[in-house]
Amino acid sequence: MEGGMISVDQWAKGSQAYFLTHLHSDHTRGLSSTWSNGPLFCSRTTAKLFPLKFPDFNFAFLRIVEIGSWHRLSLSSPSTGSPASIQFMPIDAFHCPGAVMFLFRGVFGHVLYTGDFRWEETGERSVKAKNMLIDALNGANVDVLYLDNTYCNPVYCFPIREVATQQVIEIIASHPEHDIVIGIDSLGKEDLLLEISRCLKMKIWVWPERLQTMHLLGYPDIFTTRTSLTRVRAVPRYSFSINTLEGLNATKPTIGIMPSGLPWVSKPFEGKNKKGFSLSVASKNRRILTSNGTRVDLNMRSVEKVQNHIFSVPYSDHSCYREIKDFVWLVKPYNVKGIVSMSSCYVNPVYYLSHLFSSNRASQSTCLDPEICEEVEMKGKTKRTNFTGTGRKKRTTEANFLGVRIRRVSILRQINRGVKIVECDSPD
DNA sequence: GCGATCAGAT
DNA sequence: CACATCTGATCGC
């Protein structure tokens, strides 16, 4: 692992080309307006948003690449200096505006870096991305998969965003006299806001910088920075707390909606109403028509009133466990590496996937649904592991999975996200 | 004094 | 629980 060839979401000097999956700040740490380390490849939408985040960025370094097209790059081998060509294709990651995954092929085989991604099983965009990936792989397996393992744990189970969106709309519609605040980040969840606006025919307040983002994205003129025009406000998530909600309620009845992939199985709060939320009889057991024509339950049980004024809705821009599993099954990687390891309870993504092979699976758990227990085979070589228990507190530091050495990390915080891919970045 | 980096909070 | 972000302290020049 001498010199670097390319880096994804990682910005240290020494690579010949750099790739940005999306503009969330945990993926741009190390990037600045003074960038000069090399060419930076990103999607058209990401490029459009670039000036907002990096006003003085030298655009001569930016390379806009089209989703669904193969692009060829002539680089040189870090070890020998001889010419080495790689190809890559950006694929829609359906995470936030501009987000893509990158599929690379070169002397290192096929490497897929997902960035953050949502892999819903239905919907026009999802199906398109899936077919694009299948076509691009053309029967080949992925040698190294760098995976968004944010929710790579069977406890993370939530519906497609279309369903969560309807849940949010139900909550708003059933509180006609309340102001509504929704916690969002600097980028992402725009579709949720657009749908609220469309269905309930109201404008949505956003803070000034967010309005600029909406304008750059070319969204219709439904967003405003004038509070008098609407009772629905999308506010920065960090400004959203029990205290702020109570403060707002001192003046006007207000409810908060927190769209999040977290299951909220337990809360740091002591209050009642921890489990579930009852809507009016009329809206109970309703079914909604999804974009692919199927009907699904508008199951409000997954909505939780977590505190007097706050509702938690399972709207996530990351894949749930089930979707991650489907994705891994599709690309059949030789080696999987998690790209998210920020938490103190980080578990290698292969950990839970390897559970599928566990001989004592039947003895554990409650948290695995029957679907999850189906057999998955990678490269046709199923190897049993010695994993037991549910994972987090596992002491095992190393395991052999399909001939792949995997290790749990012991660090509490990871400094860098992203990866440098070198010439010989073959499976360990 | 300023940007980069890190810890901690939310 | 964690994500993505902010604030504020500390570091290096």
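Here the structure is a predicted model, which is why all the values come from computation and not from measurement. Within every chain, numbering begins at 1; the chains are lettered A, B, ... in the order of the sequence lines, protein sequences first and strands thereafter.
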Taken to the nearest whole Å, CG/A:Asp116 to P/C:dA2 is 15 Å

Whole-Å distance, A:Asn243 CG to C:dC6 P, equals 20 Å

Practice item. Could you tell me whether the phosphate oxygens of B:dT10, OP1 or OP2, come under 4.0 Å of any side-chain nitrogen or oxygen in A:Ser241? Key: no

Atom CG of A:Leu187 and atom P of C:dC6 are separated, to the nearest Å, by 12 Å

Out of B:dT10, C:dC6, C:dA4, minimum distance to the side chain of A:Tyr238 belongs to C:dC6

The correct set of residues in residues 30-46 of chain A placing a heavy atom under 4.0 Å from DNA chain C is none

Residue set satisfying side chain to side chain donor-acceptor pair (under 3.5 Å) with A:Asn131, at least two apart, ordered chain then number -> none

OP1, OP2 of C:dA4 versus side-chain N and O of A:His95: anything below 4.0 Å?
yes

Report task. Tell me whether the OP1 or OP2 atom of C:dA4 has a side-chain N or O from A:His318 closer than 4.0 Å. Result -> yes

When rounded to whole Å, the CD1 to P distance for the pair A:Ile242 and B:dT10 reads 11 Å

One should read off an interatomic distance between A:Ile196 CD1 and A:Gln166 CD, to the nearest 0.5 angstrom, of 10.0 Å

Which of C:dC1, C:dA4, C:dC3 is nearest the side chain of A:His24? It is C:dA4

Give a yes/no answer on whether the side chain of A:Thr150 brings an N or O atom under 4.0 Å of OP1 or OP2 in C:dC3. yes

CE (A:Met5) and CG (A:Leu73) are apart, to the nearest 0.5 Å, by 9.0 Å

Residues passing the ring pair (Phe, Tyr, Trp, His ring centres under 6.0 Å) test with A:Tyr315, sequence neighbours excluded, are none

Start with the C-alpha gap between A:Asp148 and A:Arg118, add the side-chain angles, then the distance that decides, and say whether salt bridge (Lys or Arg N to Asp or Glu O under 4.0 Å) holds. CA-CA 9 Å; A:Asp148 172 13; A:Arg118 181 85 203 249; over 6 Å; no

note: A:Arg29, atom CZ; C:dC3, atom P; distance rounded to Å ~ 12 Å

**Asked** After noting the C-alpha distance and the side-chain angles of A:Lys53 and A:Glu209, does the key distance pass the salt bridge (Lys or Arg N to Asp or Glu O under 4.0 Å) rule?
**Response** CA-CA 10 Å; A:Lys53 193 142 184 151; A:Glu209 276 191 2; over 6 Å; no

- Message: Under a 3.5 Å threshold, yes or no: a donor from one side chain and an acceptor from the other, between A:Thr34 and A:Ser32?
- Response: yes

To the nearest angstrom, the CE-P distance between A:Met258 and C:dC3 comes to 14 Å

The ring pair (Phe, Tyr, Trp, His ring centres under 6.0 Å) partners of A:His215 (sequence neighbours excluded) come to none

**Item:** A:Lys130 atom NZ, neighbour heavy-atom count above 12 within 6.0 Å
**Value:** no

Evaluate the salt bridge (Lys or Arg N to Asp or Glu O under 4.0 Å) criterion for residues A:Arg125 and A:Asp92: first the C-alpha distance (whole Å), next the side-chain angles of each, then the deciding distance (0.1 Å), finally the verdict. CA-CA 8 Å; A:Arg125 266 181 76 174; A:Asp92 188 2; 2.8 Å; yes

- Would you mind classifying the nucleic acid contact of A:Ser316 as base, sugar-phosphate or nothing, using non-hydrogen atoms under 4.0 angstrom? nothing

Separation of C:dC3 atom P from A:Tyr156 atom OH, nearest Å, is 7 Å

| message | Is there a side-chain contact between A:Ser25 and the phosphate of C:dA4, meaning an N or O under 4.0 Å from OP1 or OP2? | response | no

Per the under-4.0 Å heavy-atom filter, residues of residues 48-60 of chain A near DNA chain C come out as none

Here DNA chain C, pairs taken as Watson-Crick or G-U under 3.5 Å and shown with ( ), [ ] when crossing and | when to another strand, reads ...||||||||||

note: A:Asp148, atom CG; C:dC3, atom P; distance rounded to Å ~ 9 Å

dist A:His309:NE2 -> A:Leu248:CG (nearest 0.5 Å) comes out at 9.5 Å

Worksheet entry | Near-ring test A:Phe88/A:His71, centroid separation under 6.0 angstrom | yes

